[in-house]
> 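Below is one structure. I have some questions about it.
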2 protein chains.
Amino acid sequence: MSRRPRADARRNHDRLLAEADAVFREQGTGASLEGIARRADVAVGTLYGHFPNRRALVGAVLRERNEALFDAGEALAGKAPEEALRQWVDLVVSHAATYRGLAELLADGIDDEASELHASCTRMADIGEQIVSRAIEAGTVRPDVTAADVFTLMNAGAWTREHASAEQAARLVSYTIDGLLVSDRSPQGAV
Amino acid sequence: MSRRPRADARRNHDRLLAEADAVFREQGTGASLEGIARRADVAVGTLYGHFPNRRALVGAVLRERNEALFDAGEALAGKAPEEALRQWVDLVVSHAATYRGLAELLADGIDDEASELHASCTRMADIGEQIVSRAIEAGTVRPDVTAADVFTLMNAGAWTREHASAEQAARLVSYTIDGLLVSDRSPQGAV
DNA sequence: ACCTGAACACCGTTCAAGT
DNA sequence: ACCTGAACACCGTTCAAGT
């Protein structure tokens with residue numbers, strides 16, 4: 001419970017966050033931490049003092065963006081099930097494509113409780129779970145579809161954006177969601 | 001056209017390939033090249049003499065495996081379109097999941113003519129293209145599906161295998177292929 | 001309470017010198 | 001014709017010493 005950080009500590013903290021955001025945007029989450037410290041005019045040890053590892057720094061940089069994402073996700077509760085699902089997946093794909101390498105951190109973070117990103121991953125998966133179970137109850141989505149399927153799809157979509165294009169990723173995601181829906185060739189979603 | 005490599009050169013070449021395969025299997029394609037040279041009892045410079053960069057080494061290690069894959073792909077020409085598509089995607093997903101990091105090299109290799117893996121990527125995409133166009137003509141797959149969609153799906157599936165599980169990857173791939181098929185909600189595939 | 005920067009262990013890549 | 005290993009430039013991470 002540190003209450004009043006020293007003025008220089010607070011300043012270093014903020015500079016590190018700002019430079020980390022810029023550098024991750026340019027070079028991805030694998031960028032040199034020494035480089036970030038240099039750009040923030042701070043010694044490496046200071047960076048480690050504030051953020052014990054790379055994931056902690058990535059998590060800190062994403063904090064506000066995460067809140068906005070979760071709020072947007074919960075605002076989808078009113079929409080029609082298929083629309084809500086499509087929009088939620090699109091939102092998270094865009095989010096996870098903010099920095100190159102983030103999709104990988106998120107995909108690994110859901111299964112690693114020690115990860116600083118684990119809480120956000122869980123939150124994302126939970127929102128997806130709600131949307132999916134609602135869609136299944138409505139008979140829109142196949143009853144065997146899981147929250148894990150949706151979480152995986154989001155990360156795979158973001159990864160595709162990094163390694164192909166946003167258009168290609170959108171196509172993959174769209175086709176996959178089509179495949180999740182109840183149709184003539186899939187089991188019916190009676191509850 | 002070097003015809004008769006010196007005996008020690010050939011021996012070093014083979015040892016490097018064998019150790020590279022083992023190390024990539026354990027640690028992924030991002031493993032230390034110095035470590036591979038060490039395990040092969042060879043100086044680093046020797047490794048670079050035989051393989052100018054990491055991709056060249058990965059490509060060399062995959063050479064035989066690639067041939068088997070392509071042969072298996074062409075053998076699918078006789079199968080029913082949907083079966084051929086599903087089996088081809090499964091084959092490549094398994095192949096691309098041989099080493100952690102390979103899916104990324106393949107996804108990047110298709111657009112990079114300088115990559116030592118570019119030829120294999122093109123070959124994979126071509127086989128996929130044949131299978132898809134046959135499936136579209138048969139009215140099994142939606143007419144707007146492209147070879148790029150299938151190539152992307154294969155890489156995304158392999159990446160998912162690395163970062164989730166083989167089961168989860170198989171589910172994602174299966175749902176996506178369902179979405180590629182002609183159904184009541186998708187445009188009909190009349191030619 | 002926080003910052004600094006040297007220290008350690010590691011890496012990719014090159015290239016002069018050897019055989 | 002090929003191999004060696006030192007050299008260079010870089011990195012993640014720690015921690016004694018400072019203020």
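None of the values given here were measured: they were computed from a predicted structure. Order of the sequence lines fixes the chain letters, A, B, ..., with proteins taken first and strands second; residue numbering starts at 1 for each chain.
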> Going by atom types alone, do T146(B) and D149(B) pair a side-chain donor with an acceptor below 3.5 Å?
yes
> H163(A) and side chain to side chain donor-acceptor pair (under 3.5 Å): which partner among N155(B), D108(B), D111(B)?
D108(B)
> Measure from the side-chain heavy atoms of V42(A) and tell me the nearest of dC3(D), dT4(C), dG12(C).
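The listed nucleotide nearest to V42(A)'s side chain is dT4(C).
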> Would the number of heavy atoms belonging to other residues, nucleotides or ligands and lying under 6.0 Å from CD of E64(A) be above 12?
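Open.
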> Can you tell me how far the CG atom of L172(A) sits from the CG atom of L153(B), to the nearest 0.5 Å?
6.0 Å
> With nearest nucleotide decided by heavy atoms, which residue, E34(B) or R6(B), maps closer to the 5′ end of DNA chain D?
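Result of the comparison: R6(B).
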> Could you tell me whether the side chain of R142(B) reaches within less than 4.5 Å of the side chain of V132(B), counting heavy atoms only?
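Heavy-atom side-chain distance check fails, nothing below 4.5 Å.
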> Choosing from dC2(D), dT13(C), dG5(D), which nucleotide comes nearest the side chain of A43(B)?
dG5(D)
> What integer distance in Å separates R11(B):CZ from dC3(D):P?
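Computing the R11(B):CZ to dC3(D):P distance gives 10 Å.
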> If you measure from the Lys or Arg side-chain nitrogens to the Asp or Glu carboxylate oxygens, is any gap between R123(B) and E67(B) under 4.0 Å?
no
> Think N53(A) has a side-chain N or O under 4.0 angstrom from the OP1 or OP2 of dG12(D)?
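No, no such contact exists.
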> Mind calculating the distance between CZ (F51(B)) and P (dC3(D)) to the nearest angstrom?
11 Å
> Counting only side-chain nitrogens and oxygens, does S32(B) get under 4.0 Å of the OP1 or OP2 atom of dG12(C)?
yes
> Over all strands shown, is H50(B) touching base, sugar-phosphate only, or nothing at heavy-atom distances under 4.0 angstrom?
sugar-phosphate
> Write down the distance between CD1 (I36(B)) and C1' (dT13(C)), rounded to a whole number of angstrom.
15 Å
> Send over the distance from R54(A) CZ to dG12(D) C1', rounded to a whole Å.
8 Å
> Got a salt bridge between E82(A) and R86(A), using NZ or NE/NH1/NH2 to carboxylate O under 4.0 Å?
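Yes, this pair counts.
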> How is R10(B) classified with respect to the nucleic acid when contacts are heavy atoms under 4.0 Å: base, sugar-phosphate, or nothing?
nothing
> Which part of the nucleic acid does G45(A) contact within heavy-atom distance under 4.0 Å: base, sugar-phosphate only, or nothing?
base
> Which dot-bracket notation, 5' to 3', represents the base pairing of DNA chain C when pairs are defined as Watson-Crick or G-U with both distances under 3.5 Å, crossing pairs as [ ], and inter-strand pairs as |?
||.|||||...|||||.||
> Can you measure L33(A) atom CG to dC10(D) atom C1' for me and round it to whole angstrom units?
13 Å
> Hey, is the side chain of R38(B) poking within less than 4.0 Å of OP1 or OP2 on dT4(D), counting only N and O atoms?
no
> Where the side chain of D8(A) is defined as all heavy atoms beyond and including C-beta, which of dT4(D), dT13(C), dC3(C) is the nearest nucleotide?
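The closest nucleotide is dC3(C).
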> Could you work out which one of dC3(C), dG12(C), dC2(D) sits closest to the side chain of Y48(B)?
dG12(C)
> What is the distance, rounded to the nearest whole Å, between atom CD of Q27(A) and atom C1' of dC11(D)?
13 Å
> Is a side-chain N or O of R100(A) found less than 3.5 angstrom from the main chain of E26(A), in a donor-acceptor match?
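Side chain of R100(A) to backbone of E26(A): a pair is present.
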> How long is the line joining CG of D41(A) and P of dG5(C), in whole Å?
11 Å
> Using whole Å, report how far CZ of R15(B) lies from P of dT4(D).
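Distance, rounded to whole Å: 10 Å.
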> Given dC2(D), dT13(D), dC3(C), identify the nucleotide with an atom nearest to the side chain of V44(A).
dT13(D)
